[in-house]
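Note sheet for the following structure.
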Amino acid sequence: MRPRAIILAAGASRRMGRPKALLPLGEGTFLSRIAQTLREAGIDDVMLVLGADAEPILRSAAWFDGTIVVHRGWEEGQLSSLLAGLNAAPGAQGPVLVWPVDRPFASAALIGALLSAFDRTGKGIVVPLAGGRRGHPILFGPAMLPALRAASPLVGAREVLHRHPELIEEVPTEEVDILRNIDTPEDLAVVGSR
């Protein structure tokens, strides 16, 4: 089944003070790094879910050739943004890679490893594991979509992981940056322009 990716970029970025999707990274932005990584990993069905800062992101992302969903209910939390993305492609049947835009550091090789683990094990959830901790992005098989839809908006997708530990496949990686959540200017300064 053809994999797809949903990039979550709907939050207000209040602590950062500007849209995280447009934060500089290397020669591009967080968003362009994620999009490039997905292309390199062979995922061409990509959806971007926007919300609070939709206008400036739309203005700067003319290059983005995936589907863009503007989620008006973004204040309901990250899970609501994920569901907005899922609802925008109701007929899609493959696994879904969920990638928050403020965690742009996974490599194409790691994405490939997650997809391979899904194909090999048939597990419903595949997560990268660095230093004994789970990071992002996370791959959900189609069988897990009803559980995501039924999860509490207050807890989010974490609820699905907590309720179904037997369905989780962990993929070890040395890519410790997958654990980084870039929320503040101080966080950004630590990672620099890699």
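Hydrogens, waters and symmetry mates play no part in the numbers below; they use all other heavy atoms, side chains included. Everything numeric here is computed off the predicted structure, so don't read it as measured data. Nothing fancy with the numbering, it's 1 onward along the sequence.
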So, for [X] and [Y], which heavy atoms are closest and what is the spacing to 0.1 Å?
| X | Y | result |
| --- | --- | --- |
| V160 | A147 | CG2-O, 3.6 Å |
| A12 | A52 | CA-CB, 3.5 Å |
| L86 | R4 | CD2-NH2, 3.9 Å |
| R33 | P104 | CG-O, 3.5 Å |
| S13 | P19 | OG-CA, 3.9 Å |
| M47 | G85 | SD-O, 3.2 Å |

Hey, does [Y] have a side-chain heavy atom less than 4.5 Å from the side chain of [X]?
| X | Y | answer |
| --- | --- | --- |
| Q93 | P142 | no |
| E76 | P153 | no |
| L22 | F30 | no |
| L82 | L8 | yes |
| N181 | D187 | no |
| I168 | R134 | yes |
| I68 | V49 | no |
| E169 | R120 | yes |

Main-chain N/O of I138 paired to H136 side chain as donor or acceptor, under 3.5 Å
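Looks like no, no N/O pair under 3.5 Å.
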Rounded to the nearest 0.5 Å, what separates atom [atom1] in [X] from atom [atom2] in [Y]?
| X | Y | atom1 | atom2 | value |
| --- | --- | --- | --- | --- |
| I182 | R103 | CD1 | CZ | 9.0 Å |
| L58 | L48 | CG | CG | 8.0 Å |
| T29 | L25 | OG1 | CG | 8.0 Å |
| M16 | E186 | CE | CD | 8.5 Å |
| F105 | T37 | CZ | OG1 | 10.5 Å |
| I125 | H164 | CD1 | NE2 | 7.0 Å |

Quick one: do D53 and R18 make a salt bridge, cutoff under 4.0 Å?
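Between R18 and D53 there is no salt bridge, as every charged N stays at least 4.0 Å from the carboxylate O atoms.
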Does the distance from a Lys or Arg side-chain N to an Asp or Glu carboxylate O, for D45 and R2, drop under 4.0 Å?
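The answer is yes: the pair qualifies as a salt bridge.
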I'd like to know whether I6 forms a side-chain contact (heavy atoms from CB on, under 4.5 Å) with W99, so could you lay out the CA-CA distance, the side-chain angles of the two residues, the decisive distance to 0.1 Å, and finally the verdict.
CA-CA 6 Å; I6 297 178; W99 198 334; over 6 Å; no
For residues 106-118, please give each side-chain donor-acceptor pair under 3.5 Å, one per line with the distance, not counting sequence neighbours.
{"residue": "S107", "atom": "OG", "partner": "A109", "partner atom": "N", "Å": "3.4"}
{"residue": "S107", "atom": "OG", "partner": "L110", "partner atom": "N", "Å": "3.1"}
{"residue": "S107", "atom": "OG", "partner": "E175", "partner atom": "OE1", "Å": "3.4"}
{"residue": "S107", "atom": "OG", "partner": "E175", "partner atom": "OE2", "Å": "2.5"}
{"residue": "S116", "atom": "OG", "partner": "G112", "partner atom": "O", "Å": "3.0"}

Can you list the steps and then say if S80 with W74 is a side-chain contact (heavy atoms from CB on, under 4.5 Å)?
CA-CA 7 Å; S80 75; W74 61 269; 5.7 Å; no
Using side chain to side chain donor-acceptor pair (under 3.5 Å) as the criterion, list what pairs up with S60, not counting sequence neighbours.
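Testing S60 for side chain to side chain donor-acceptor pair (under 3.5 Å), a comparison that skips the adjacent residues, returns none.
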L97 and V69: same hydrophobic cluster, using ILVMFWY side-chain contacts below 4.5 Å?
no
Please determine whether residues W63 and I34 belong to a single hydrophobic cluster, defined as Ile, Leu, Val, Met, Phe, Trp and Tyr linked transitively by side-chain heavy-atom distances below 4.5 Å.
yes
Candidate pair D177 and R180, rule side-chain contact (heavy atoms from CB on, under 4.5 Å), full reasoning
CA-CA 5 Å; D177 281 347; R180 291 189 183 277; 2.9 Å; yes
Identified side chain to side chain contact (heavy atoms under 4.5 Å, CB included) counterpart of I57 within the set V101, L50, V70
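The residue from V101, L50, V70 that satisfies side chain to side chain contact (heavy atoms under 4.5 Å, CB included) with I57 turns out to be L50.
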